[in-house]
Amino acid sequence: MGSLRRTHACGRVTKALVGSEIVVAGWAHRRRDHGGVIFVDLRDREGLVQVVFKPEVARAAHERASHVRSEWVVLVRGVVEHRSPETVNPKLATGEVEITAHELRILNSATPPPFAIEEDSGAEETVRLRHRIHDLRRPPLQRALHLRHLVFQSARRTLTDLGFFEIETPILAKSTPEGARDFLVPSRLQPGSFYALPQSPQILKQLLMISGFDRYFQIARCFRDEDLRADRQLEFTQIDLEMSFVGVEDVLPVLEELVVRVWREAGGIELAHPFPRISYEEAMRRYGVDKPDTRVLLELVDLTHVFRETELRAFRSAVEQQGIVKCLPIHDASALSRGEIDRLEAFVKKELGGRGLAWARIGEEGAWQSPIAKFLSERERSEIVGRTEARPGSVLFFAADEPAKANAILGRLRVDLGRQLGRVDGRAWAPLLVLNFPVFERDEEGGFTYMHMPFVAPVEEDLPLLETEPERVRGTHYDVVLNGVELGSGSLRNHRSDVQRRIFEILGYSKADAEERFGFMLNALDAGAPPHGGFAFGVDRLVMLLAGAESLRDVIAFPKTQRGQDLLLDSPSFVSAAQLDELSLRIVPREGET
RNA sequence: GGGGCGGUAGUUCAAUCGGUUAGAGCACCGGCCUGUCACGCCGGAAGUUGCGGGUUCGAGUCCCGUCCGCCCCGCCA
């Protein structure tokens, strides 16, 4: 490079610079060699600019330029000039100008790229992940990671403005028995003992509240050793925050302000606020999910009581086994063909694990066209029609199953069909606060388990229910939902150890169990814990939404595949016997393996 | 753990019913070309058809196993 330093970014060369000598550096995006004049599109983070090499202007530079290939790294000194009107390129931000090169320095050659460094490379994801360096040079990834940066900066600014301190917590943390599977890190100094990577900084941030930090936030890396999905990675990032001396109504405005400012500052989007609110119970009832996309206008109807004594055995047995019967009515549904309905039924059975999908089409004069019609009494049919407001042209879908399953099936169909049939309200963004999640839910054995985590504080007036009907205890838990995607969740936490102990009891921990597993937490609460509560945003999903991406992998610089591998680094990988030895570890082959 | 889709040149795809030497675009290499911008023209090189086994006179194609990628269920405070 010598002593020459770049003076301008390629993508920022404008008409204002015409006539001046500048130095740019970047990657040779494309070379067009006309034998005489040679054009090189030079690319950097900011964009492309055309460099012209003319033999009569700079013989040596022109000669050198003929050797330049795609992705070579070069530095150019030249003069910015207007393009003649017929050679202006309107597709390029810098297309009205070009740089006439006086000097070319080749800083590095490069192997040919495995695919085109373009908006859409056309390459398969395996190839893209293996060649992540080239993939990251593509504009969509450059934009996504820039967006991520803007999100972080906006969040930091906003939370700082609101009086939060940014405090780090350990990555080498401790395994706790609840929640997801831990990633373990063997300790060399304590042979046989393990750290766990944090699933979230939950406990530590509560300890920080007890320590008096009042308002904390952190851009925290979290680790959960569970199977991956398009929207789930082994490691992910949260904007984590916690506040002292607050109730729910003090936390929610902070979350709203954060989301509104991030969308404004990182995305240039004004979100309507305050955000609409809905209870967990209402969300499940009307939409079948706890994170409804409220832009979709279709809604579910509960028909359980209609079928208590029905002749239709599948429905009655579902109701008898504490299940529910729900209906997704779609009016004016002539666009839904019989073939489409059959396809949906197959989809429900195969993909969603449903027993089936009952349906009915209401014909002219209200005649039922339906495989279940003959099992339904006059009264049942008229009650269904009344409840669903069905009319000629309506199609009704029914799910009779345990509540979670029936809701999951119809909740999914609601969104799929709503989008497919255009039953949407036209908004680009639909933020929503979901409130009052229950503290407990029943587990498979009929006992209680926590719905989100064991530290969620009950709503104050429901505290007496802890002794009588734990199932009905509403929690202070809240979710922020955008377009049917959960951006994050939070709650007030139990700051009184007696309430926390009672909850452990209901969860089935003995006193000794609770002491052993959470003794340090209970002691900490007793050390003068203020009322506190907080929240954590899933940044990756948030950026995915803002970027309009389909997968978390498109907003993370170096993501892992569905099997948890990094195809670029080729991790995870075996380690040397010496390393294992130092950690007092031995690899034991699994049954059936050699 | 389960269901589904996929894997052929660097890359994106094609290859009839199981049948000649596995083809094409782009990329790559060489040559020509002074206004292109997906430059153009001429020529060239490029393959363990993911891997292993089987059926067959003959397998990219059929069968079995396995590996890898993606989507989903389970799982994920």
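Everything numeric in this text was worked out from a predicted model, so none of it was measured. So that the names make sense, note that chain A is the first sequence line, chain B the second, and so on, each numbered from 1.
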request  = Check for a donor-acceptor pair, side chain of R414(A) on one end and backbone N or O of Y287(A) on the other, with a separation under 3.5 Å.
outcome  = no
request  = Run the salt-bridge test on D566(A) and R132(A) with the 4.0 Å N-O cut-off and return the result as yes or no.
outcome  = no
message = Does the structure show a Watson-Crick or G-U wobble partner for G19(B), both distances under 3.5 Å? Name it, or say none.
response = C57(B)
message = Other residues, nucleotides and ligands only: do more than 12 of their heavy atoms fall within 6.0 Å of CD on Q420(A)?
response = yes
inquiry  = Starting the side chain at C-beta, find the nucleotide from G10(B), G69(B), U34(B) nearest to L567(A).
reply    = G69(B)
inquiry  = For U36(B) and R32(A) - does any side-chain N or O of the residue sit under 4.0 Å from the phosphate oxygens OP1/OP2?
reply    = no
key: Working for ring pair (Phe, Tyr, Trp, His ring centres under 6.0 Å), residues F535(A) and F537(A)   = CA-CA 7 Å; F535(A) 199 82; F537(A) 285 96; 4.6 Å; yes
query = When the C1' atoms of C64(B) and U56(B) are considered, how many whole Å apart are they?
reply = 16 Å
remark   = Any strand, both distances under 3.5 Å, Watson-Crick or G-U wobble: C41(B) pairs with G31(B)
ask   = Can you list the steps and then say if D479(A) with K291(A) is a salt bridge (charged side-chain N to carboxylate O under 4.0 Å, His left out)?
value = CA-CA 8 Å; D479(A) 278 1; K291(A) 47 180 178 180; over 6 Å; no
ask   = Should A24(B) form a Watson-Crick or G-U wobble pair with both distances under 3.5 Å, which nucleotide is its partner?
value = U12(B)
query = C63(B) and G6(B): how far apart are their P atoms, nearest whole angstrom?
reply = 13 Å
ask   = P atom, C26(B) versus C39(B): distance in rounded Å?
value = 11 Å
message = Give me the distance, rounded to whole Å, that separates U34(B) from A45(B) when you measure between the P atoms they each carry.
response = 28 Å
key: Sidechain-backbone polar pair: S121(A) side chain, E118(A) backbone, donor-acceptor under 3.5 Å   = no
request  = Look at the side chain of V127(A) and decide which nucleotide, out of C75(B), U12(B), C37(B), has an atom nearest to it.
outcome  = U12(B)
ask   = Can you tell me if CD on E168(A) sees more than 12 non-hydrogen neighbours from other groups inside 6.0 Å?
value = no
task = Using the C1' atom as the reference point in each nucleotide, state the distance between G50(B) and C42(B) in Å, no decimals.
result = 37 Å
query = Reckon R69(A) has a side-chain N or O less than 4.0 Å from the OP1 or OP2 of C29(B)?
reply = yes
query = How far, in whole Å, is A46(B) from A24(B) if one measures between their P atoms?
reply = 13 Å
query = Does R30(A) have a side-chain nitrogen or oxygen under 4.0 Å from the phosphate oxygens OP1 or OP2 of A27(B)?
reply = no
ask   = Does R541(A) reach the main-chain N or O of D231(A) with its side chain, forming a donor-acceptor pair under 3.5 Å?
value = yes
ask   = 5'-most contact on RNA chain B: H34(A) or P201(A), nearest heavy atom basis?
value = H34(A)
ask   = Is it true that a side-chain atom of S279(A) and a backbone atom of L435(A) form a donor plus acceptor pair closer than 3.5 Å?
value = no
message = From the set C76(B), C71(B), C39(B), return the single nucleotide nearest to any side-chain atom of E226(A).
response = C76(B)
inquiry  = I'd like the C1' distance from U20(B) over to G58(B), given in whole Å.
reply    = 12 Å
key: RNA chain B-proximal residues of residues 409-420 of chain A, any heavy atom under 4.0 Å   = none
request  = Classify the side chain of K349(A) and the base of G3(B) as holding, or not holding, a donor-acceptor pair under 3.5 Å.
outcome  = no
ask   = Between C62(B) and U49(B), how far is it from one C1' atom to the other, in whole Å?
value = 15 Å
message = Heavy atoms within less than 4.0 Å of RNA chain B: which residues of residues 117-124 of chain A have one? Give them sorted by number.
response = G122(A), A123(A), E124(A)
request  = Find which nucleotide of RNA chain B each of T561(A) and Q202(A) is nearest to by heavy atoms, and output the residue with the more 5' nucleotide.
outcome  = T561(A)
request  = Could you state the atom-to-atom distance from CZ of R232(A) to P of C76(B) in whole Å?
outcome  = 9 Å
